[in-house]
Protein chains: 2
Amino acid sequence: MRSAEGARSSRADQADQRRAELLDAARRVVLERGLASTRVADIAKATNVSGGLIHYHFATKDDLITAMLRATSETEVKRLREIIAGPGTAVQRLDRVLRYYIPSSRSDQSWILWLDAWALGVREPHVREILLELEGGWIEILAEVISEGVAKGEFFCDDPVGAAERLDGMLDGLVVRYTLHSGAMSRKRLLEHARIAATHEVGIPRSAFPA
Amino acid sequence: MRSAEGARSSRADQADQRRAELLDAARRVVLERGLASTRVADIAKATNVSGGLIHYHFATKDDLITAMLRATSETEVKRLREIIAGPGTAVQRLDRVLRYYIPSSRSDQSWILWLDAWALGVREPHVREILLELEGGWIEILAEVISEGVAKGEFFCDDPVGAAERLDGMLDGLVVRYTLHSGAMSRKRLLEHARIAATHEVGIPRSAFPA
DNA sequence: CTAGACTGGTTGGTTGACCAGTCAACCGTC
DNA sequence: GACGGTTGACTGGTCAACCAACCAGTCTAG
């Protein structure tokens, strides 16, 4: 009765949990050390696990990294969807998306992962595919929010997808700048840039956004 | 008479030339193989030179890579300055800058170098510094062109530096997309995005740019 | 003008560190 | 007792950096 599908820790569950744990450790280690200098042994150590176990769950280091990127990308898009699912006007929703691009603090270094992934993606088609999905997700969501605003008469824009591509591109570029040279681009300034560009794209005044 | 300062191949000249040759080969090899998998031996082979010689001219691999990035960055900014030095209206000059961001063909992969450098820059302050100068150069030049246009009454923009930062950021982001997923972003569309964003930033109609 | 010392450039082989992936043996649970 | 999960030692290979030797010009003293 208990051991059927409601079982607390079947074999499969245990393996899945370990896999997830390894993926998580991999993400942490890569963020800390960078993709280039991340060894399988580092990830093993971060999980208090033997090196061999990694290769039991993931055939190659490449598999592990790829799976980690895919998992991270998927939860990222999922969270973003939750963000826009909430209530509010189109401007409020758009502002939430813009803010979600920007690292919330100096210690939030999640973008580093994507800088590494871009470089890797140049050579690795699998990685490129993951990145395409992630970027596509951002753009799609931005475009949705904009279209919605247009439908409600809040926004004015005859090419929501184009506008979304431009906004997404600008945010990517500016976040790189913010991540690499925090001195040359404050978080505040970055957000202001995002909001100004958004006003240009959806035809509303700056005052429509919070100060 | 011949051997004085007009000498064809003094010691110093020879060394400088070899250094330049090595830097050039390094750039080619890194573009082709990626930073992560570029070996000193690869660069040696590409120059038909022994591995030891590399370490004679550059103490460490890191030195070589850093010097190569710095040299590339500097010639990049120099070329960009030449681009805007030419004649024409402010719109024409701005358009030339926008076009200069964008790889001129599928085979022009020079941006790959900067994707690698961004990832490296996260960990290496020297690299970060080079990138800051490069990006700063782009922004400065964009801001100059915009300010000039404003002074001449061609453009309308009360914050040329802010506009330059936004345009530079957008172009960086979109070029990444173009470089990684050429299928999802054609060169034509990329240029169109650049021009549209520019019209927003400098307050001119789309028709001011070439079709 | 020239022989020999000196210097900078170059070679190729070597070394020591590092690391992904393998393997045989071990443990706990059903 | 069989199987999924786990260990840690081991292997084969790779690579940056070092080094001893060599060579081609250049300088200097006689």
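Chain identifiers are assigned alphabetically (A, B, ...) following the order of the sequence lines, protein sequences preceding nucleic acid strands; residue numbering begins at 1 within each chain.
Between B/Val30 and A/Arg123 the shortest heavy-atom distance is O-NH2, 3.6 Å.
A donor and an acceptor atom, one from each side chain of B/Arg166 and A/His193, are located under 3.5 Å apart.
Evaluation of the side chain to side chain contact (heavy atoms under 4.5 Å, CB included) rule for B/Ala90 yields B/Glu154, B/Phe155 as partners, not counting sequence neighbours. Not counting sequence neighbours, the partners of A/Val29 by the side chain to side chain contact (heavy atoms under 4.5 Å, CB included) test are A/Arg33, A/Thr38, A/Asp42, A/Ile43, A/Ala46.
Straight-line distance from the CZ atom of A/Phe58 to the C1' atom of D/dT6: 15 Å, rounded to whole Å. Rounding to whole angstrom units, CG of residue A/Asn48 and P of D/dT6 are separated by 13 Å.
Between B/Pro160 and B/Glu148 there is no side-chain heavy-atom pair separated by less than 4.5 Å. The shortest side-chain heavy-atom distance between B/Arg187 and B/Ile102 falls under the 4.5 Å cut-off. A heavy-atom distance below 4.5 Å is found between the side chains of B/Leu134 and B/Trp114.
No donor-acceptor distance shorter than 3.5 angstrom exists from the side chain of A/Arg70 to the backbone of A/Ile130, with no hydrogens or angles considered. In this structure, A/Thr199 contributes its side chain and A/Ile196 its backbone to a donor-acceptor pair below 3.5 Å. A donor-acceptor distance shorter than 3.5 angstrom exists from the side chain of B/Arg96 to the backbone of B/Ile83, with no hydrogens or angles considered.
Atom CG of B/Asp172 sits about 15.5 Å away from atom CZ of B/Arg177, to the nearest 0.5 Å.
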Tabulate protein N/O versus nucleotide N/O from nucleotides 21-23 of chain D, keeping only pairs under 3.5 Å, one per line.
none

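Applying the 4.0 Å criterion to OP1 and OP2 of D/dG5, one finds that A/Tyr56 has a side-chain N or O inside that range. Taking side-chain N and O atoms only, B/His57 has no distance below 4.0 Å to OP1 or OP2 of C/dG8. Between D/dG4 and A/Arg18, no contact under 4.0 Å exists linking OP1 or OP2 to a side-chain N or O.
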Check your understanding: Which nucleotides of nucleotides 12-24 of chain C have their base under 4.0 Å from a protein heavy atom (B), which only their sugar-phosphate (S), and which neither (-), written as one string 5' to 3'?
Key -> B------SSBB--
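For DNA chain D, the stems formed by at least three consecutive Watson-Crick or G-U pairs, with both atom-pair distances below 3.5 Å, span C:1-30 with D:1-30.
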**Study point:** Worked check of side-chain hydrogen bond (donor to acceptor under 3.5 Å, both in side chains) between A/Arg106 and A/Tyr178
**Key:** CA-CA 10 Å; A/Arg106 181 110 317 282; A/Tyr178 174 66; 3.2 Å; yes
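For A/Trp138 and A/Tyr101, the distance between ring centers is under 6.0 angstrom.
For residues 120-129 of chain B, proximity to DNA chain D is found at no residue, defined as any non-hydrogen atom under 4.0 angstrom from a strand atom.
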